[in-house]
Chemist: 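Quick one: the structure is below, questions incoming.
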Amino acid sequence: MKGIDWGRLYNEYKADVLDPVSLEERIKELMIDDEVTAKKGIYEYLLTGKEKFLSLRQFSDSQKRQAYERQGGICANCGKHFEIEQMEGDHHKPWSMGGKTDNDNCVMLCRDCNREKSNK
């Protein structure tokens with residue numbers, strides 16, 4: 001994969017004993033996981049265990065559509081109706097506080113409300 005510093009990873013982890021079969025299985029699982037938005041980070045995640053390399057912050061289009069339908073197109077903040085294209089998925093419990101990027105934690109906000117919240 002382009003953009004991965006393979007030389008640095010090799011130098012840092014060359015002494016680690018790794019099982020190639022289990023690594024390959026885990027790579028396949030993570031590659032098809034919708035929550036993993038930074039696929040090139042999978043390798044470093046598997047070596048370090050640090051989730052930050054996976055960028056687990058973005059909701060899938062399917063998750064956003066489900067939240068939109070559940071809310072009836074109403075912004076969870078201002079209470080006004082919007083078309084889905086005018087809204088953005090947001091974490092009810094913030095990702096930085098352990099909120100997961102899953103259906104139960106997805107709420108739809110209008111762009112203005114989401115931007116206003118992000119600027120605080």
Chemist: Run the side chain to side chain contact (heavy atoms under 4.5 Å, CB included) test on L18 and L46 for me, step by step, so that the C-alpha distance in whole Å, both residues' side-chain angles and the decisive distance to 0.1 Å come before the verdict.
Modeler: CA-CA 10 Å; L18 304 169; L46 290 174; over 6 Å; no
Chemist: Would you confirm whether Q63, through its side chain, and C106, through its main-chain N or O, come within 3.5 Å as a donor-acceptor pair?
Modeler: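 No, the answer is negative, given that no donor and acceptor are paired below the 3.5 Å cut-off.
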Chemist: Just wondering, are more than 12 heavy atoms of other shown residues or ligands nearer than 6.0 Å to CD in Q58?
Modeler: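 Not buried by this count: 12 neighbours or fewer within 6.0 Å.
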Chemist: Kindly compute the distance separating NZ (K39) from CD1 (I27), expressed to the nearest 0.5 Å.
Modeler: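 These two atoms lie 12.5 Å from each other.
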Chemist: So do the side chains of E88 and R115 get within less than 4.5 Å of each other, counting heavy atoms only?
Modeler: yes
Chemist: Does H81 NE2 have over 12 foreign heavy atoms under 6.0 Å away?
Modeler: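 Yes, NE2 of H81 has more than 12 neighbouring heavy atoms, counting only those of other groups under 6.0 Å.
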Chemist: Hey, what do you get for CZ (F53) to CG (L47), rounding to the nearest 0.5 Å?
Modeler: 9.5 Å
Chemist: Are N77 and D112 packed together at the side-chain level, in the sense that at least one heavy-atom pair is separated by less than 4.5 angstrom?
Modeler: no
Chemist: For the residue pair R70 and N103, what are the closest heavy atoms and their distance?
Modeler: NH2-O, 3.4 Å
Chemist: Decide yes or no for F59 and H91: does some side-chain heavy atom of the first lie under 4.5 Å from some side-chain heavy atom of the second?
Modeler: yes
Chemist: From M31 CE over to I42 CD1, what is the distance, rounded to the nearest 0.5 angstrom?
Modeler: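 Taking CE in M31 and CD1 in I42, the distance rounds to 4.5 Å.
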Chemist: Hey, are the side chains of Y43 and L23 touching, using non-hydrogen atoms and a 4.5 Å cut-off?
Modeler: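 Y43 vs L23: side chains apart.
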Chemist: Keeping N105 on the side-chain end and K93 on the backbone end, is there a donor-acceptor pair under 3.5 Å?
Modeler: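 Present.
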Chemist: Answer yes or no: is there a donor N or O on one side and an acceptor on the other, between the side chain of Y68 and the main chain of F82, under 3.5 Å?
Modeler: yes
Chemist: In Å, rounded to the nearest 0.5 Å, how long is the span from CG of N114 to SG of C75?
Modeler: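 Those atoms lie 8.5 Å apart.
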Chemist: As an exercise, state the distance from CG of D90 to CE of M108, rounded to the nearest 0.5 Å.
Modeler: 9.5 Å
Chemist: Would you say the side chain of E12 lies within less than 4.5 Å of the side chain of E44, judging by non-hydrogen atoms?
Modeler: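 Answer no - side chains too far apart.
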Chemist: With a 3.5 Å distance limit and no angle check, can you tell me whether R65 reaches the backbone of S60 through a side-chain donor-acceptor pair?
Modeler: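 Between the backbone of S60 and the side chain of R65 there is no qualifying donor-acceptor contact (under 3.5 Å).
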Chemist: Honestly curious: do L109 and M87 fall in one hydrophobic cluster under the side-chain, below-4.5 Å linking rule?
Modeler: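 No, it is not one cluster - the side chains of L109 and M87 are not joined through contacts under 4.5 Å.
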Chemist: State, yes or no, whether a side-chain contact exists between Q86 and C110 at a heavy-atom distance under 4.5 Å.
Modeler: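 A side-chain contact is absent here, since even the closest heavy-atom pair is not under 4.5 Å.
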Chemist: Could you give me the CA-CA distance, side-chain angles and deciding distance for R26 and E29, then say whether salt bridge (charged side-chain N to carboxylate O under 4.0 Å, His left out) is met?
Modeler: CA-CA 5 Å; R26 193 71 180 115; E29 290 171 10; 2.9 Å; yes
Chemist: Any link between Y10 and W6 through a network of hydrophobic side chains (Ile, Leu, Val, Met, Phe, Trp, Tyr) touching at under 4.5 Å?
Modeler: no
